[in-house]
Each structure stands twice: as structure tokens, then as C-alpha cells.
Amino acid sequence: MTGEQITVLAAVALVCAVTLLLGSPGFSRSTGDFFVASRRVAPWMNASAIAGEFLSAASFLGVAGLILAHGTYGLWFPVGYTAGFLIVLLFMAAPLRRSGAYTIPDFVVLRFRSAMMRRMTVIVVVAAGWLYIVPQLHGASIALSATGGAPGWVGPLLVALVVLFVVLTGGMRSVTLAQAVQYWIKLTALLVPTVFILLQVGFWERLELPEFTGAWSAGLAALGGSGDPWGEFSRSLSVLVALMMGTLGLPHVLVRFYTNPDGVAARRTITFLLGLLMLFYLLPVVLGVIARMVWGTTTAAGELAGTGGLSHDTAILRLPAAVFDGLASDVLTALIAGGAFAAFLSTTSGLVVSVSGVLSQEFFSGTVRGFRLGALLAIAVPLVVGSATSELALAGAVAMVFTFTASALAPVMLLGVWWRGLTAQGAFWGMAVGAASSLGAQMLGLTLGEGPVQDGPMQLLVSPALWCVPLAFAVTVLVSRFGPQQPPSHADAVMERLHTPEVAALQPGR
């Protein structure tokens, strides 16, 4: 075993130990603690926790990998990820908190009082959670295999065991504390190597060198920048639509607003969160640009030159070894690997909590025991699916999930909060058409092509958000407007509840 492998395994073990310590069962004492941390999470803590769970494998490893492989196309991902929360701030955070619901299906029942809609929402939310967990497990496999020399199954199994301990013993309250700390671990794990790598390569002095500008231009040409401006524009716009609207339907993110004390605190949480995300996303972008300086572009198969077939998703993990020698390389690689593992743990924890909450409410009477049974199912299915599927590019795989939630959940959530005329029938068919069209198009695109960048009509299948999301909105509105069903009789009362600000304090004398 090499020195690098020893330091990497030690860093991963330390991150797991800290996570287990923070997941102590002493932090949760009631059902409310398990599901929504008793709705007492302060905005700064909740912002750190949301950043911790949102910055997944796609953010930590995938963004730099896409910049390395596809140039400017990869820059749209951090923009879309961050801009999605601006929409949440403006339209969703406070009303969702005022709804008082535990889960997205609970919100749907409050809005429509429809068993049919609840069942459909449960299916979509659980499917989205499972689809999102799979890339995290693949990321854990990639990280430990590429830097720690471990077999591919070790990383996913380790993530599953650590997450299950935290979720089973402490629920949302313990997960919140762990995720808040993990955000700062991830930030440090990228900030320190970025500073040292910038100093080592003399980044600012080399930006104008021919080998760097040539490598960047090659990536632009590969995206069609020299001959297909419409293709480049539609591709970028589709990614932005998927990432921005998909945030409105992420169950593990939306459930976070139910943990704030009130709607005002939910808005403050998003304000803090935007700053944390912008601070973090500067780092993988810089490292992705440096990776293009070091390696130029990846091979036709998406592999890094001179690394024995490693994919571009390992760019950040292999960058210290390409720039430094000896102990410095080992320590910086271990730091990045530990941060990457914190990303897998935090995102998977949030997803397992959201999925287990839905399963518990729907099938296990909403008890703590039911929550724990739901957690076992929430992690077991992705483990099986992950072991049977190939490792797609991390950012591309997560973009598929965002496209799915943008099409299936975002129209119902956004219109459910802001349009009184929405009917249960319209919401049902909009959700069904959005889910089927986005998932079907992407599965067909994966069958017929490879990678997130395709030419011509194939791109409409690989990145279908540009037409799937408007289609889902159109079906939802048209069926609600012209279908036989009327809006729910209690819609006015629900809308008043969602949009009436809470009383900040009791009046004097009361």
C-alpha cells in the first residue's frame, strides 16, 4: 500500500468517525426531532446543512470534470445549481414552511385532499430520491478506487453503513448537525488544495500561454462553438432550465424548510445559503480550469491522459499528484478525498431522511419505527441499483435527476403555491406527463448516445428539460383550466395559510 493510499484511507476514516460522532442518538428525543428537528433549526445552521446536503458528488467532483471534458459547458452547472435557490427564495421557502407539512406528499394532501395525488407524489418523490442516491454511491466507488486502491464495492457500502447509523439513531436532528459540519469540511477540503495548487502552477501568469488557450479552444470547438451556435445555446439553456427548476422539486432540499421556526427564518436560510454556495462553487471551477491547463482535454473516451484510464470525474482527486510530488501530493489528495466522502455522506443522508419520511408517512403510520424501516428501504434499493449500473459522469447523472424533478414536481409545487385554479386532476396529469416524458427521453438518449453533449436532435433526448418542463406546465394548466374538475373548495383557505406572514411576536399585554 502506497503512502497516498494510507493517507487517503485515514482521511476517509476520520470523516466517517466525525459523522458518526455527530450522529449520536442523544440529539433526537421525539418523533418531531426525527422528521423535522422539532422545527427549531436556526437559519445559519439550516443554510449550512442545506449546503452540506446539496453539494453532492456532482458538485464536488463532477463540475471540474465537466469543465475539463467540455469547456464552458461545465460552467453552466454551478450557475444553475445556485440560481435554483434564488427561485426557491422568491417563490417557495416561506409558503412551504407555513404549510406545516412534514413531506412533499403531505403538502400535496393539504393542497388537494386527494388520495390519488398523494400516491402519485409518493411514487415520484421516492423515485427521485433513489435516482439521486445512486450517483453518490458511484462517486464513493470512484473516489476510494482512484485514490485509496479499494475495491469498487467498498465506498458505496461504507457510505450506506455510516448514513444508516446517523439516520436510524438520530433522524433529521442528527443529520442536520452532521451536514452543517460537513459543508465546512468540504469547503476546507477544496480551499486548501486550491490555494497551494494556484501558488505551485503560477496560474495567473500562465492563462495566456498557447497550450492553455489552445486546450480551452478545443473544448469550445467540441461544443459546437465554431459551427453550431443554436446547438450550443439550446444545450446550455436546457441545462439551466433543468437545474433551476429541478431545485423546486428536490425532496431532500424542500423538506429542510419545514425545520425552520417560521417563514421569515426560511427566507433568511436561503439568503445565507446563496452566499455559502457561491463561496464553494468558485473552487471546483478554478480547479477545473487548472485541470485543463495540466491535461488539456480528455481522450475520446473521457479519460485523463497518463492516469491509466481514470475518468474526468477523478480530475480533482488526481490534480495534486499532477502538480506536486511526495508528501505534499499525498496530503492534498487525502484532503480532497476526505472532502469528497463528506459530500457523499451528507447528500445521501439528506436523501435517505426525505425518502424514509415519505415511506414512513405513507406505509408505516408515521412512527419512529416506521421511519427507521423506511431508511433501510431508502438505502437498500439504490445499493442494488448502483451495483447493477455503470458509472455515468457524475454531473451528467445528477442533471438527469434534476430534469426529472423539474418536469414531474416543479410545476405542481410552484402552481400549488401560487395558483388557486390548480385542480387535483391537472396536477396528476402534469406530474404523470412530466415524469414519463423526462425519464423516457433520457433513457432513450442513454441507449442511443453517450455523454451529456450530443449533436442535433439527439441532444433533445439527452437534455430534454427545454421541452419537458414547458410540456408539464402546459398539461397541468390546460387540464386544470378546461378539465371537468373544479379547484378544491378549500383552496382559498390553503392559499391564505401559505401567504399570510406569521406574527413575529405576541402583542404587549397578551
Where do L96 and M413 land on the side-chain contact (heavy atoms from CB on, under 4.5 Å) test, with the steps shown first? CA-CA 9 Å; L96 278 180; M413 297 300 295; 3.7 Å; yes
Is a side-chain donor or acceptor of [X] paired with a backbone partner of [Y] at a separation under 3.5 angstrom?
| X | Y | answer |
| --- | --- | --- |
| S407 | A435 | no |
| T7 | E4 | yes |
| S141 | G152 | yes |
| Q136 | Y132 | yes |
| T405 | G249 | no |
| Y183 | L276 | yes |
| S356 | V353 | yes |

Looking at F91, I want to see if its CZ is surrounded by more than 12 non-hydrogen atoms of other residues, nucleotides or ligands under 6.0 Å. no
Tell me, yes or no, whether the heavy-atom count around W467 atom CH2, taken from other residues, nucleotides or ligands under 6.0 Å, exceeds 12.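 Enclosed: over 12 neighbouring heavy atoms sit under 6.0 Å from CH2 of W467.
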Closest approach of [X] to [Y] (non-hydrogen atoms, all atoms of both residues):
| X | Y | answer |
| --- | --- | --- |
| M45 | A180 | SD-CB, 3.3 Å |
| V63 | G74 | CG1-O, 4.3 Å |
| M244 | G80 | CG-O, 3.8 Å |
| A266 | R97 | CB-CB, 4.1 Å |
| L243 | T247 | O-OG1, 2.8 Å |
| P382 | L377 | CD-O, 4.3 Å |

To the nearest 0.5 Å, what is the distance between [atom1] on [X] and [atom2] on [Y]?
| X | Y | atom1 | atom2 | value |
| --- | --- | --- | --- | --- |
| T271 | L89 | OG1 | CG | 5.0 Å |
| L55 | L277 | CG | CG | 5.5 Å |
| H252 | I50 | NE2 | CD1 | 10.0 Å |
| L158 | C16 | CG | SG | 4.0 Å |
| T176 | L22 | OG1 | CG | 11.5 Å |
| L254 | L250 | CG | CG | 6.5 Å |

Would you say K186 and S59 are linked by a side-chain donor-acceptor pair, where the criterion is simply a distance under 3.5 Å?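 No, K186 and S59 have no side-chain donor paired with an acceptor closer than 3.5 Å.
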Apply the test side-chain contact (heavy atoms from CB on, under 4.5 Å) to residues R268 and N46: give CA-CA distance (whole Å), side-chain angles for both, the deciding distance (0.1 Å), then the verdict. CA-CA 10 Å; R268 290 181 62 198; N46 214 15; over 6 Å; no
Any side-chain heavy atom of [X] within less than 4.5 Å of one from [Y]?
| X | Y | value |
| --- | --- | --- |
| V134 | W130 | no |
| S354 | V125 | no |
| L9 | L144 | yes |
| L187 | L283 | yes |
| T314 | L61 | no |
| L287 | I197 | yes |
| V159 | L345 | yes |
| V163 | F344 | no |

Partners of F60 by ring pair (Phe, Tyr, Trp, His ring centres under 6.0 Å), sequence neighbours excluded? none
Set of residues satisfying ring pair (Phe, Tyr, Trp, His ring centres under 6.0 Å) with respect to F404, sequence neighbours excluded: none
In terms of relative ring orientation, are F85 and F54 parallel, tilted or perpendicular, with 30° and 60° separating the classes?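 Answer is perpendicular, since the angle exceeds 60°.
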If you apply the rule side-chain contact (heavy atoms from CB on, under 4.5 Å), what do you find for V8 with L317, and how did you get there? CA-CA 10 Å; V8 164; L317 294 166; over 6 Å; no
Could you walk me through whether L75 and I67 satisfy the side-chain contact (heavy atoms from CB on, under 4.5 Å) test, starting with their C-alpha distance in whole Å, then the side-chain angles of each, then the deciding distance to 0.1 Å, before giving a yes or no? CA-CA 7 Å; L75 297 175; I67 292 173; 3.6 Å; yes
